[in-house]
Amino acid sequence: MLAQLLVKHGLRARTVPYDAVSRSKIASFDPGDAAVVCISYLDIRGNPAHLRYLLRRLREKLPHAHLLVGFWPPEDPVLTRQEDSPDAAADSHVTSLREAVQACLSAAHREKELP
(Lines give C-alpha, C1' and ligand atoms only; values in the text may rest on other atoms or scores of the structure.)
Protein backbone atom coordinates (compact mmCIF):
# COMPACT_ATOMS: atom_id res chain seq x y z
CA MET A 1 0.00 0.00 0.00
CA LEU A 2 2.81 2.41 0.84
CA ALA A 3 4.42 1.94 -2.58
CA GLN A 4 1.09 2.71 -4.27
CA LEU A 5 0.66 5.87 -2.19
CA LEU A 6 4.19 7.03 -2.98
CA VAL A 7 3.63 6.56 -6.72
CA LYS A 8 0.36 8.47 -6.42
CA HIS A 9 2.37 11.36 -4.91
CA GLY A 10 4.86 11.34 -7.80
CA LEU A 11 7.68 9.25 -6.35
CA ARG A 12 9.13 6.13 -7.88
CA ALA A 13 8.70 3.13 -5.61
CA ARG A 14 9.28 -0.59 -5.68
CA THR A 15 8.79 -3.33 -3.15
CA VAL A 16 11.60 -5.69 -2.26
CA PRO A 17 11.16 -8.86 -0.20
CA TYR A 18 13.29 -9.34 2.90
CA ASP A 19 15.11 -12.22 1.24
CA ALA A 20 16.56 -9.86 -1.40
CA VAL A 21 18.42 -7.92 1.30
CA SER A 22 19.30 -10.88 3.49
CA ARG A 23 22.85 -11.36 4.69
CA SER A 24 23.56 -13.85 1.91
CA LYS A 25 22.08 -11.73 -0.90
CA ILE A 26 22.80 -8.10 0.03
CA ALA A 27 26.00 -8.06 -2.05
CA SER A 28 24.03 -8.72 -5.24
CA PHE A 29 21.14 -6.40 -4.36
CA ASP A 30 20.85 -3.46 -6.77
CA PRO A 31 19.16 -0.51 -5.03
CA GLY A 32 19.41 1.71 -8.09
CA ASP A 33 19.39 5.37 -7.16
CA ALA A 34 17.22 4.95 -4.07
CA ALA A 35 17.22 8.04 -1.86
CA VAL A 36 14.81 6.59 0.70
CA VAL A 37 14.43 3.04 1.98
CA CYS A 38 11.21 2.21 3.82
CA ILE A 39 11.14 -0.89 5.98
CA SER A 40 7.70 -2.03 7.10
CA TYR A 41 7.13 -4.22 10.13
CA LEU A 42 3.77 -5.76 10.90
CA ASP A 43 3.94 -6.68 14.56
CA ILE A 44 7.58 -7.20 15.46
CA ARG A 45 7.94 -9.32 18.58
CA GLY A 46 10.73 -10.35 20.89
CA ASN A 47 14.25 -9.17 20.29
CA PRO A 48 14.36 -7.21 17.01
CA ALA A 49 18.04 -7.92 16.36
CA HIS A 50 17.16 -8.84 12.76
CA LEU A 51 15.96 -5.24 12.27
CA ARG A 52 19.24 -3.81 13.55
CA TYR A 53 21.21 -6.15 11.28
CA LEU A 54 19.02 -5.28 8.31
CA LEU A 55 19.51 -1.56 8.94
CA ARG A 56 23.26 -2.08 9.22
CA ARG A 57 23.37 -3.95 5.89
CA LEU A 58 21.30 -1.28 4.17
CA ARG A 59 23.42 1.53 5.63
CA GLU A 60 26.55 -0.13 4.26
CA LYS A 61 24.94 -0.63 0.83
CA LEU A 62 23.27 2.82 0.69
CA PRO A 63 25.30 5.16 2.90
CA HIS A 64 23.47 8.31 1.77
CA ALA A 65 19.92 6.98 1.70
CA HIS A 66 17.33 7.96 4.28
CA LEU A 67 16.35 4.82 6.22
CA LEU A 68 12.76 4.91 7.42
CA VAL A 69 11.13 2.18 9.53
CA GLY A 70 7.36 1.83 9.70
CA PHE A 71 5.89 0.00 12.68
CA TRP A 72 2.33 -1.19 12.38
CA PRO A 73 0.60 -1.05 14.85
CA PRO A 74 1.80 2.16 16.54
CA GLU A 75 1.67 0.63 20.02
CA ASP A 76 4.37 -1.87 19.11
CA PRO A 77 6.51 -2.53 22.23
CA VAL A 78 9.75 -2.06 20.28
CA LEU A 79 9.03 1.68 20.21
CA THR A 80 9.01 1.94 23.99
CA ARG A 81 12.00 -0.23 24.89
CA GLN A 82 15.14 1.91 24.81
CA GLU A 83 17.46 -1.03 24.10
CA ASP A 84 15.38 -2.02 21.05
CA SER A 85 14.82 1.45 19.65
CA PRO A 86 15.32 1.66 15.87
CA ASP A 87 16.39 5.29 16.15
CA ALA A 88 20.07 4.45 16.56
CA ALA A 89 20.29 2.83 13.12
CA ALA A 90 17.34 4.32 11.23
CA ASP A 91 17.00 7.96 10.27
CA SER A 92 13.36 8.00 11.33
CA HIS A 93 10.42 5.81 12.19
CA VAL A 94 6.71 6.23 11.60
CA THR A 95 3.55 4.56 12.83
CA SER A 96 1.08 5.39 10.05
CA LEU A 97 0.96 5.39 6.27
CA ARG A 98 0.31 9.14 6.32
CA GLU A 99 3.49 9.72 8.33
CA ALA A 100 5.41 7.41 5.99
CA VAL A 101 4.30 9.29 2.88
CA GLN A 102 5.12 12.65 4.47
CA ALA A 103 8.56 11.43 5.58
CA CYS A 104 9.33 10.05 2.11
CA LEU A 105 8.20 13.26 0.41
CA SER A 106 10.33 15.34 2.79
CA ALA A 107 13.38 13.13 2.25
CA ALA A 108 12.91 13.23 -1.53
CA HIS A 109 12.70 17.03 -1.48
CA ARG A 110 15.86 17.26 0.66
CA GLU A 111 17.61 14.97 -1.82
CA LYS A 112 16.69 17.30 -4.72
CA GLU A 113 18.13 20.28 -2.83
CA LEU A 114 21.57 18.68 -2.41
CA PRO A 115 24.24 19.65 -4.93
Side-chain angles (χ1 to χ4, degrees):
M1 282 191 291
L2 178 57
Q4 291 172 343
L5 290 170
L6 294 174
V7 169
K8 182 178 176 182
H9 282 84
L11 298 177
R12 288 181 292 136
R14 72 175 182 165
T15 58
V16 176
Y18 177 82
D19 185 58
V21 291
S22 66
R23 186 174 48 136
S24 63
K25 294 185 180 177
I26 191 74
S28 62
F29 174 64
D30 180 13
D33 61 351
V36 180
V37 176
C38 302
I39 302 164
S40 292
Y41 269 94
L42 302 171
D43 194 24
I44 188 171
R45 293 186 189 266
N47 181 0
H50 59 281
L51 173 58
R52 287 192 301 274
Y53 292 128
L54 172 60
L55 288 166
R56 185 180 305 157
R57 288 192 303 272
L58 290 170
R59 179 66 69 206
E60 289 174 3
K61 188 78 171 182
L62 299 138
H64 303 293
H66 182 92
L67 300 182
L68 171 80
V69 180
F71 291 101
W72 335 111
E75 61 275 356
D76 198 302
V78 75
L79 295 173
T80 59
R81 293 190 310 252
Q82 185 65 29
E83 68 276 9
D84 293 336
S85 175
D87 293 336
D91 295 308
S92 58
H93 73 269
V94 296
T95 57
S96 73
L97 287 174
R98 179 183 302 269
E99 287 179 351
V101 169
Q102 290 171 343
C104 289
L105 288 171
S106 294
H109 289 162
R110 280 192 305 274
E111 180 70 20
K112 288 181 181 179
E113 293 171 359
L114 294 175

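Counting from 1, the numbers follow the sequence of the chain as shown.
- In terms of the side chain to side chain contact (heavy atoms under 4.5 Å, CB included) criterion, residue partners of R98 (sequence neighbours excluded) are, by chain and number, S96, Q102.
- Checking side-chain atoms of R59 against main-chain N and O of A65 turns up a donor-acceptor pair under 3.5 Å.
- One hydrophobic cluster holds both Y18 and L51 under the rule that ILVMFWY side chains link at heavy-atom gaps under 4.5 Å.
- Screening V69, L62, V16 for a side chain to side chain contact (heavy atoms under 4.5 Å, CB included) with V37, the sole residue that qualifies is L62.
- Among residue pairs with one or both ends in residues 22-42, those qualifying as salt bridge (Lys or Arg N to Asp or Glu O under 4.0 Å) are R12-D33, D19-K25; sequence neighbours excluded.
- Here the closest heavy-atom approach between residue A108 and residue L11 is recorded as CB-CD2, 3.7 Å.
- In this structure, CG on L97 lies 7.5 Å from OG on S40, to the nearest 0.5 angstrom.
- The two atoms that bring P31 and R14 nearest to each other are CA-NH2, 3.6 Å, heavy atoms only.
- Closest of all the heavy-atom pairs between K61 and I26 is NZ-O, 3.3 Å.
- Summarising the geometry of L68 relative to S92, their closest heavy-atom pair is CD1-OG, 3.1 Å, with the distance given to 0.1 Å.
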Residues 2-9 side chain polar contacts: donor-acceptor under 3.5 Å, at least two apart:
from: H9; atom 1: ND1; to: L5; atom 2: O; distance (Å): 2.9

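- Heavy atoms from other residues, nucleotides or ligands lying under 6.0 Å from CZ of F29 number more than 12.
- You'll find the side chain of L67 stays beyond 4.5 Å of the side chain of I39, heavy atoms only.
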